[in-house]
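Structure first, then comments.
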Amino acid sequence: ASSVNGGPDTPACGPSRFSTFPCHRETTMQRVTLTLDDDLLATLDALSAQRGYHNRSEAVRDILRNSLMHEHAQQPEQRGYAVLSYVYEHEKRELASRLIATQHHHHDLSVATLHVHISHDDCLEIAVLKGEMGEVQHFADAVIAQRGVRHGHLHCLTAQDEGSHD
């Protein structure tokens, strides 16, 4: 049997323990047929070429894995990590103070924060968070909803088994 990502020595799910499905060293593949309209197929082919996939199957597998991970991360009790990024106007009336207060109120979620001055008026912050996804989402919503915060984005990575090193 060959693995999903390459030869028999290649782990099917990669070195990360973050996944929405069990990590198996080897797995069998099933052939399926998909019916797509011309526009969607053209989009799939463009995405495959842009990202360097060798075939459509690799692209569809990654799209499906990403969708499953996103769905899994929507479960409020699921634990994992997240990256919250946002741009804000540092001169906006007391915005920096409100953001700091929000971060301190949720100090138990914070792993690290990076602050970058991207222009005279704007700052970029990137926060690495850890905890239950419901609490992480609540914190992200509280930050992104602040007046003067733009381009807020939360990317979640759920842990299948935090005690495993596979």
Side-chain angles (χ1 to χ4, degrees), residues 4-5 10-23 39-40 42-53 56 58-166:
V4 173
N5 291 334
T10 304
C13 64
S16 176
R17 65 179 183 218
F18 293 94
S19 176
T20 58
F21 45 87
C23 178
D39 291 340
L40 191 55
T43 301
L44 177 63
D45 287 342
L47 177 73
S48 296
Q50 177 186 354
R51 294 192 179 167
Y53 292 112
R56 292 174 179 157
E58 290 177 359
V60 170
R61 282 191 296 266
D62 275 358
I63 291 167
L64 182 56
R65 284 185 193 111
N66 188 41
S67 179
L68 290 170
M69 185 171 60
H70 178 73
E71 185 70 27
H72 195 64
Q74 299 303 310
Q75 298 174 9
E77 69 284 349
Q78 180 63 42
R79 293 192 58 80
Y81 289 89
V83 176
L84 173 62
S85 59
Y86 55 95
V87 173
Y88 72 96
E89 301 171 48
H90 73 90
E91 292 292 329
K92 194 75 159 181
R93 185 177 173 195
E94 297 186 28
L95 177 58
S97 296
R98 289 194 315 268
L99 290 172
I100 290 170
T102 302
Q103 291 171 359
H104 280 279
H105 184 69
H106 296 280
H107 66 89
D108 55 320
L109 299 175
S110 182
V111 175
T113 303
L114 172 66
H115 180 93
V116 179
H117 301 278
I118 58 175
S119 73
H120 180 268
D121 299 320
D122 295 323
C123 295
L124 165 68
E125 284 205 349
I126 301 167
V128 178
L129 309 169
K130 180 181 179 183
E132 290 186 0
M133 292 297 104
E135 294 176 15
V136 167
Q137 184 66 57
H138 176 74
F139 170 71
D141 291 343
V143 169
I144 293 170
Q146 295 283 337
R147 177 180 235 153
V149 172
R150 301 184 315 275
H151 309 297
H153 178 75
L154 181 67
H155 181 80
C156 298
L157 300 166
T158 57
Q160 185 66 22
D161 179 8
E162 290 191 40
S164 173
H165 290 287
D166 289 335

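When reading the values below, keep in mind they use all heavy atoms of this one structure, side chains included, and skip hydrogens, waters and symmetry mates. Here the structure is a predicted model, which means the values were calculated and not measured.
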Practice task
Taking all heavy atoms of G131 and all of L109, pick out the closest pair and write down the distance.
Solution key: CA-CD2, 4.2 Å
Handout entry: Atom pair CD1 (I63) and CZ (R56), whose distance is rounded to the nearest 0.5 Å
Key = 12.0 Å
Handout entry: Parallel, tilted or perpendicular: rings of Y88 and Y86 (30°, 60°)
Key = tilted
Practice task
Hey, could you give me the CD1/NE2 distance between I126 and H115, rounded to the nearest 0.5 Å?
Solution key: 11.0 Å
Handout entry: Closest contact, heavy atoms only, A82 versus L154
Key = CB-CD1, 3.7 Å
Handout entry: Sequence neighbours excluded, every pair satisfying salt bridge (Lys or Arg N to Asp or Glu O under 4.0 Å) that has a member inside residues 100-119
Key = none
Problem - Rounded distance [0.5 Å steps], NE2 in H90 versus OG in S119 - result: 7.0 Å
Exercise for the section: Sort and list the pairs that fulfil salt bridge (Lys or Arg N to Asp or Glu O under 4.0 Å) and have at least one residue in residues 117-126, not counting sequence neighbours. Expected result: D122-R150
Handout entry: Separation of L40 CG from D45 CG (nearest 0.5 Å)
Key = 10.0 Å
Problem - Pairwise distance SG(C123) to CD(E91) - rounded to 0.5 angstrom - result: 9.0 Å
Problem - Gap between atom OG of S48 and atom CG of D62 - 0.5 Å precision - result: 9.5 Å
Donor-acceptor pairs under 3.5 Å, side chain of residues 132-146 to any protein atom, not counting sequence neighbours: which ones?
{"unit_1": "Q137", "atom_1": "NE2", "unit_2": "D141", "atom_2": "OD1", "d": "2.8"}
{"unit_1": "Q146", "atom_1": "OE1", "unit_2": "R98", "atom_2": "NE", "d": "2.7"}

